[in-house]
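Reviewing the structure listed below.
Bear in mind that the values here come from a model prediction, so they are computed numbers and not experimental data. Each chain gets a letter, A, B and so on, in the order its sequence line appears, and its residues count up from 1.
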Amino acid sequence: MINYFPEEVLWHVFSFLTSHPDRNAASLVCKSWYNVERFSRGKVFIGNCYAISPERMISRFPRVRSLTLKGKPHFADFNLIPQDWGGNVYPWIVAMAKGSTNLEELRLKRMVVSDESLELLAKSFPNFKSLVLVSCEGFTTDGLAAIASNCRFLRELDLQENEVEDRRGQWLSCFPDSCTSLSSLNFACLKGEVNVAALERLVARCRNLRSLRLNHAVPPDALQKILAQAPQLVDLGADSFVHDPESETYNKLKNVMQKCSSIRSLSGFLDVNARCLPSIYPICINLTSLNLSYAPGIYSKELVKLIHKCKKLQRLWILDTIGDKGLGVVASTCKELQELRVFPSDLHVVGNVAVTEEGLVAISAGCPNLNSLLYFCQQMTNAALITVAKNCPNFIRFRLCTLNPTIPDAVTMQPLDEGFGAIVQSCKGLKRLSVSGLLTDQVFLYIGMYAEQLEMLSIAFAGDSDKGMLYVLNGCKKLKKLEIRDSPFGNMALLADTGKYETMRSLWMSSCGVTFGGCKTLAEKMPRLNVEIINEGDEMEGRPDDRQKVEKMYLYRTLVGPRKDAPDFVWTL
Amino acid sequence: MEGVMSHESDLNLKATELRLGLPGTEESTAKNNKRASPELVDDGELFKLESDAKAGDRETAPASKAQIVGWPPVRSYWKNNVHPKKTEAETGNYVKVSMDGAPYLRKIDLKIYMGYSELFKALENMFKLTIGEYSEREGYKGSDYAPAYEDKDGDLMLVGDVPWEMFMSSCKRLRIMKGSEATGLGCGA
């Protein structure tokens, strides 16, 4: 009967479908649902910009208003991918400009964005409202000036951890006086000076400003003036904080902070004197999100004092200088904690012993709502992981990183297979997992057996044989992204189930056992996969021997064949 | 992107060899040495794989000091901001300067001097003394003082024998020797 619903009804029903997996599922039901869905989809998510072409995206979703694109593979974050690999957004903007798309929002991650792209973006879409760039590169403050000057209805300019060349221009001054619509402005990643007076005026006239993250160049005195103009802020990031607790600026800041009763999220503190932290105590009680991962200047004692006041915290990002004892305080204070990230203050294996399995166990005991974890630690034990699994069965994301990548259980010297096994067995909703430490094929047996909802898995220096990888490929039915480095998986595992890769977004393998021959075989068998080999150095003259091991392989499903913008060092087989 | 030098091919092969052991075989900790094959890289991060005091006799991965690209897996942007690489240009090359008989030591930044003569002028000013003329054969003639330095190997050397650049990179501390000790250091017989 449902086939005979008039389109208007379907349309109305679909307007309640917001998540793209739901919409994807609906579009597969029948032709008429496919058509209604595609015309009604406003938000398009493309997890791999090379899986589809801009033209085809536009022709399928002509009413797209919001586009999310991801470019480089995840391991690009860790310098495993050379410059100029690709992921350029320009063709997408050109295509949408040509197609008269009514683009309002663009969200990019790990893409290359040129000033030219930003200028074209700014001039082509009169209703453009929101630009979010995460871990991107290739643009300068000139591009930002174009956005500021031309996007009359800009609501959101959110720059997170991008590499931006600062041209010392006056990009902030390019926001015209008529711009009053900003609700979110984040330029914390810019290195250069900003026109502070222009910033103050901008904040003063944007009464809807909810989120403001400033860079290091905005001095504490200006911060205080800005906060006085924007007591309605919900999210604040400030890198340049007060230094002198005796100063006038400190007093003013303390007073103005007391009025900022709406602030729920705080970040920054790159440059801070811990003795000035009491100025933010008044807002701590309301904080739900605190990011101190860029604050190496705050020592453990001060950190603990601060956190002790943050009873409503749901998200905490912190450096491991907090120590196990500090994590104990978090556990007893932050009962509503859902997400915890503990970053390494010392990148060496042997440094100041920071956090160990004890801190993690304490957190798991005190924070039963914990569902997302990123934990860099000196050591771990199976017993601890088993306890954590019992205490917190709700993990959706679990990423553990031992600073020594192949360290065994600190007490028993055994591999950490059992510990991670307990995690996957207990956390039935686990979607993302990163494993580390000494691990054999056994851990992959467990993952394949129990991690039914797993979508992303990161493996490094683990496993003994092809069996390990096979357990995962055979067992994890919902796997979308698999990234493996420095593990002994070879052609046998790679080629065992080639159809599997069409059900996944991508596979990355570096410093493993796969050979050119194996990759070629795979590419020949699966025309709808792009099998890319990254060759660095000059070993690649002429045809390499089939038996030669491949340094870096990245394969992904695609509907548009080999990409045309691959640089010299990328071979698509 | 900093250059990534892959380690010699045979080490990579070793690390990625397919094992033919039976499933469920007890893994000996010696396996560690074979599995991890860190790519050597020149990004200035030392990944020390020594056991620390807490570990006792805990087994660790390959005993060699190796640098692993991309480990620990932290975003480069975050790493560059929170763990900035201190280049030599920023930190200077400070060395301690002791003078026999002086109550406390001083520190100078070798980077700011263009050569030996500027260094000597600075030392003369700092310690109110004169350093004589340097000659290869006779060391420092014309004064009771001889500038010496401790090099990377811990040996006490006379300042001035090697080119300035070489001196800058090998000098760990300076010592202004005087009196009879100084005469033994290359001064005329």
Neighbour count >12 (heavy atoms, 6.0 Å) for atom NZ, B/Lys96 | no
Between B/Trp71 and A/Asp486, is any pair of side-chain heavy atoms under 4.5 Å apart?
-> no
Validation row: A/Arg485, B/Ile68 side chains within 4.5 angstrom (heavy atoms) = yes
A/Asp77: what forms a salt bridge (charged side-chain N to carboxylate O under 4.0 Å, His left out) with it, not counting sequence neighbours?
-> A/Arg110, B/Arg75
Contacting region of [X] [heavy-atom separation from chain B under 4.5 Å]:
X        : answer
A/Leu319 : side chain
A/Leu374 : neither
A/Ser293 : both
A/Pro344 : both

Using a cut-off of under 4.5 Å on heavy-atom pairs, state which of A/Ser436, A/Ala295, A/Ala76, A/Cys189 scores highest against chain B.
-> A/Cys189
Look up atom CD in A/Glu161 and atom CH2 in B/Trp78, then write down how far apart they are to the nearest 0.5 Å.
-> 10.0 Å
Give the minimum heavy-atom separation between B/Val74 and A/Phe376, together with the two atoms involved.
-> CG1-CZ, 3.6 Å
So, for B/Asn81 and A/Tyr294, which heavy atoms are closest and what is the spacing to 0.1 Å?
-> CB-CE2, 3.7 Å
